[in-house]
Structure formats: structure tokens, C-alpha cells
Amino acid sequence: MAFDQWGPQDLSAPAKRQLPEVAVQRGMVLEDVQSGWVGEVTRVEKTGGMHIVSLEDRRGKTKSFQLGFGFLLEGQPIRLMPPAPRQSTSAVQPGRTASGSVKVQGQRAQVAKASRIWVEGKHDAELVEKVWGDDLRVEGIVVEPLHGVDDLKSAILAFNPGPGRRLGILVDHLVSGSKESRIAADAMTVPGAAGNVLIVGHPYVDVWQAIRPKVLGIEAWPSVPRGVDWKTGILSAFGWPHETAEDIGLGWQRLLGAVRSYADLEASLLGRVEEVIDFLTVP
């Protein structure tokens with residue numbers, strides 16, 4: 001025994017215990033000590049600077065808690081930590097944008113040009129922005145969601161396309177014989193559309209499918225039965241919340257968060273977006 005251990009000591013003080021730190025994972029079952037709530041981890045999100053975990057009990061009810069101390073895992077107290085950073089082989093290389101282009105240094109913000117990229121909805125716009133946003137800001141091209149293409153012909157007519165005022169339009173499920181293909185063909189009859197409007201599309205029911213399955217850790221996108229809303233069916237198949245519009249939005253954010261660069265997307269989308277950008281930027 002060391003000499004400096006002799007003398008009065010507080011033997012009643014409990015020894016300090018370092019709780020194990022465990023990264024939260026979807027599917028683990030936790031108990032919140034304070035409330036006694038026991039549930040399976042169904043969602044983790046960051047809001048207001050805090051990480052929040054949602055626990056679903058055996059009756060399907062959900063409560064949210066802040067990560068940290070106060071949880072039991074298999075009966076043992078732990079400190080619940082944020083999820084481990086995802087290691088991706090498709091991370092953006094230094095000096096490159098998410099689209100793979102050489103990053104322009106010291107570029108001043110460009111005034112938005114009259115030409116536009118139109119996409120079907122908010123999710124399409126967010127995906128294009130995440131991968132091609134840096135490039136589009138250099139070119140001064142704005143992406144706008146249409147919220148559907150049923151009235152595409154009227155929208156183009158109101159836009160009044162012409163030289164220096166072009167439209168590049170990305171349409172979901174643009175395949176031969178589809179409703180979308182008929183809408184696109186009719187829209188191109190608008191005066192001024194020829195040579196100034198380019199309508200392209202991908203074969204997927206929804207732009208979600210343009211994310212490569214392996215990026216999400218699955219072999220293929222789940223099949224959704226006829227008559228079931230596609231997004232709702234996908235989230236249900238994943239075991240994620242899917243009852244409300246908020247659930248759909250949060251589900252999409254989880255999917256979008258898996259996308260780091262162009263390499264995480266299907267070639268059938270990549271080629272069409274690049275085609276639109278070239279159409280709007282090459283004289």
C-alpha cells in the first residue's frame with residue numbers, strides 16, 4: 001500500500017462507475033428509467049441541437065426521449081449515444097461536388113437565370129439540390145417543384161419559354177404508354193416549346209426508387225400491392241411510422257440522409273439530370 005493512502009478516508013462514498021456508452025440503433029429495446037416506458041427504437045432524429053429517440057411499446061404507442069443517461073438495455077444502465085457515423089465508400093472527394101464535378105473555389109453567387117428546372121415534387125427537388133446544388137448555384141439555375149404534372153401544358157404556356165428562357169423538366173415514371181408520356185407529348189405542342197423545353201424522365205414510380213438499394217442496406221426496393229399508396233407501403237415494409245404526412249416526410253429525410261453523392265443514385269436518374277443541366281447551360 002502506498003504511504004499516501006494512510007490517513008482518514010470516506011469509506012461510505014460509493015466508487016465512481018463509468019456507464020457503458022452504447023450507440024442507438026433502430027430495433028433495440030430500451031427502458032426509460034424515470035417513466036418506466038419500455039419500447040423498441042423506431043426513429044432517431046436531431047432537432048433543436050438535441051438527439052431524440054422514439055420508443056414504440058408493445059401496444060404500438062410511441063414516446064420520444066432525449067439521448068443520454070437514464071436508459072436500461074437488457075436490464076443494465078447505459079449512456080445512450082447518437083448513432084455511429086455512416087461509413088460510405090461514395091463520400092464526396094476533396095475538391096469535388098456531390099455530383100462529381102470539380103468544385104469551383106471563390107465563386108461569387110450568381111443571379112438566378114430565367115431558365116428553370118422543374119421537378120414533380122418537393123422530394124425530387126431536395127434530392128436534386130443535395131447532389132447537384134453546388135453546380136446549379138454556379139450556373140444560376142433554380143429548381144422548382146411542380147407538385148404534379150397533370151396540368152403541365154398550362155404551366156409551360158404560362159412560363160412562356162423562348163431563347164434564354166428555357167425549361168428542363170424531370171418527370172416521374174416517364175415510360176412508353178404511360179399517362180405521363182401522353183402528358184409530356186401534349187405539353188410539347190405549346191408555342192415556343194420546341195427547342196426551348198426539354199422533358200425527360202426516369203422509369204420509377206417515385207424518385208425515392210432512384211436511391212440505390214444497397215445504400216439503404218437492402219437487396220431491392222419492397223413491392224407495394226396495388227391500391228396501396230406507394231410511399232405508405234414502402235415505409236410500412238421498412239417497419240417505419242407511415243400513418244401521417246409527418247411520418248412520410250420523416251421517412252423521406254431518413255432516405256435522403258443516406259445519399260452522399262451521385263454514386264448513391266441509379267444511372268437512369270443521373271443521366272437525365274445531367275441532360276437537363278446541359279440543355280439549360282450549353283448555348
Side-chain angles (χ1 to χ4, degrees), residues 46 85-147 149 152 155-156 158-172 174 184 187-188 192-202 204 206-212 215 249 252-283:
K46 190 173 184 180
R86 173 177 172 270
Q87 298 297 319
S88 172
T89 57
S90 60
V92 180
Q93 298 178 358
R96 296 278 178 174
T97 68
S99 71
S101 302
V102 176
K103 185 174 292 186
V104 177
Q105 303 293 341
Q107 174 74 34
R108 288 188 174 186
Q110 297 292 303
V111 176
K113 294 182 173 66
S115 298
R116 292 286 187 270
I117 293 178
W118 283 357
V119 295
E120 284 213 36
K122 178 184 176 184
H123 296 174
D124 307 69
E126 290 175 340
L127 183 60
V128 171
E129 165 60 32
K130 183 161 189 178
V131 176
W132 289 273
D134 288 339
D135 306 332
L136 294 173
R137 279 185 284 278
V138 169
E139 299 292 347
I141 301 295
V142 175
V143 179
E144 296 178 342
L146 283 168
H147 307 294
V149 295
L152 182 59
I156 294 175
F159 183 81
N160 190 26
R165 188 176 174 80
R166 290 179 168 182
L167 276 175
I169 305 171
L170 182 67
V171 178
D172 296 343
L174 190 62
M188 287 302 295
N196 299 307
V197 176
L198 175 67
I199 302 176
V200 300
H202 55 73
Y204 309 114
D206 192 279
V207 77
W208 290 16
Q209 280 184 294
I211 301 174
R212 299 174 68 186
V215 174
W252 165 243
Q253 290 305 315
R254 292 176 70 173
L255 297 174
L256 184 62
V259 175
R260 302 299 179 91
S261 78
Y262 71 96
D264 293 329
L265 303 180
E266 297 286 3
S268 50
L269 176 70
L270 295 174
R272 302 296 75 73
V273 176
E274 295 289 349
E275 187 178 350
V276 164
I277 294 174
D278 287 347
F279 176 75
L280 297 179
T281 58
V282 176

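This structure is a prediction, so every number in the text was calculated from the model and none was measured.
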Practice item. Just do the side-chain contact (heavy atoms from CB on, under 4.5 Å) check on Asp264 and Val131 with the steps written out, would you? Key: CA-CA 10 Å; Asp264 293 329; Val131 176; over 6 Å; no

Exercise for review: Verify side-chain contact (heavy atoms from CB on, under 4.5 Å) between Val200 and Ile169, making sure each step is shown before the conclusion.
Suggested key: CA-CA 6 Å; Val200 300; Ile169 305 171; over 6 Å; no

Check your understanding: After noting the C-alpha distance and the side-chain angles of Val171 and Glu120, does the key distance pass the side-chain contact (heavy atoms from CB on, under 4.5 Å) rule?
Key -> CA-CA 6 Å; Val171 178; Glu120 284 213 36; 3.4 Å; yes

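Partners of Tyr204 under the ring pair (Phe, Tyr, Trp, His ring centres under 6.0 Å) rule, at least two apart in sequence or in another chain, are His202. Applying the salt bridge (charged side-chain N to carboxylate O under 4.0 Å, His left out) test to Arg212 and every residue at least two apart in sequence or in another chain returns nothing. Residues forming a side chain to side chain contact (heavy atoms under 4.5 Å, CB included) with Ile211 (at least two apart in sequence, or on another chain): Val215, Leu216, Trp221, Trp252, Leu255, Val259, Leu265. Looking at residues two or more places apart in sequence or on another chain, you find no salt bridge (charged side-chain N to carboxylate O under 4.0 Å, His left out) involving Glu266.
To the nearest 0.5 Å, atoms CZ (Arg165) and CG (Asn160) are separated by 6.5 Å. Note that CG of Asp172 is 11.5 Å distant from NE2 of His123, once rounded to the nearest 0.5 Å. Summarising the geometry, atom CD belonging to Gln209 is positioned 7.5 Å from atom CG belonging to Asp206; distances are rounded to the nearest 0.5 Å. Atoms CG and CH2, on Leu256 and Trp208 in that order, are 11.0 Å from each other to the nearest 0.5 Å. For the atom pair CD1 of Ile156 and CD1 of Ile199, the computed distance is 4.5 Å after rounding to the nearest 0.5 Å. Between the CD atom of Glu129 and the CG atom of Asp134 there is a distance of 7.5 Å, given to the nearest 0.5 Å.
Of all the heavy atoms in Val197 and Met188, the pair that sits closest is O-CE, 3.4 Å. The shortest heavy-atom contact between Pro161 and Asn196 is CB-CB, 4.2 Å. Looking at every heavy atom in both residues, Gly164 comes nearest to Ala114 through O-CB, 3.7 Å. Taking every heavy atom of both residues into account, Ala125 and Val119 meet most closely at N-CG2, 3.5 Å. When every heavy atom of Leu280 is checked against every heavy atom of Gly168, the shortest pair comes out as CD2-N, 3.7 Å.
A donor-acceptor contact shorter than 3.5 Å links the side chain of Asp124 to the backbone of Gly121. Side chain of Arg166 to backbone of Phe279: a donor-acceptor contact under 3.5 angstrom is found.
Using a 4.5 Å heavy-atom threshold, the side chains of Leu152 and Trp118 count as touching.
Just one residue in the list Val273, Ile277, Leu198, Leu167 forms a side-chain contact (heavy atoms from CB on, under 4.5 Å) with Ile117, and that residue is Ile277.
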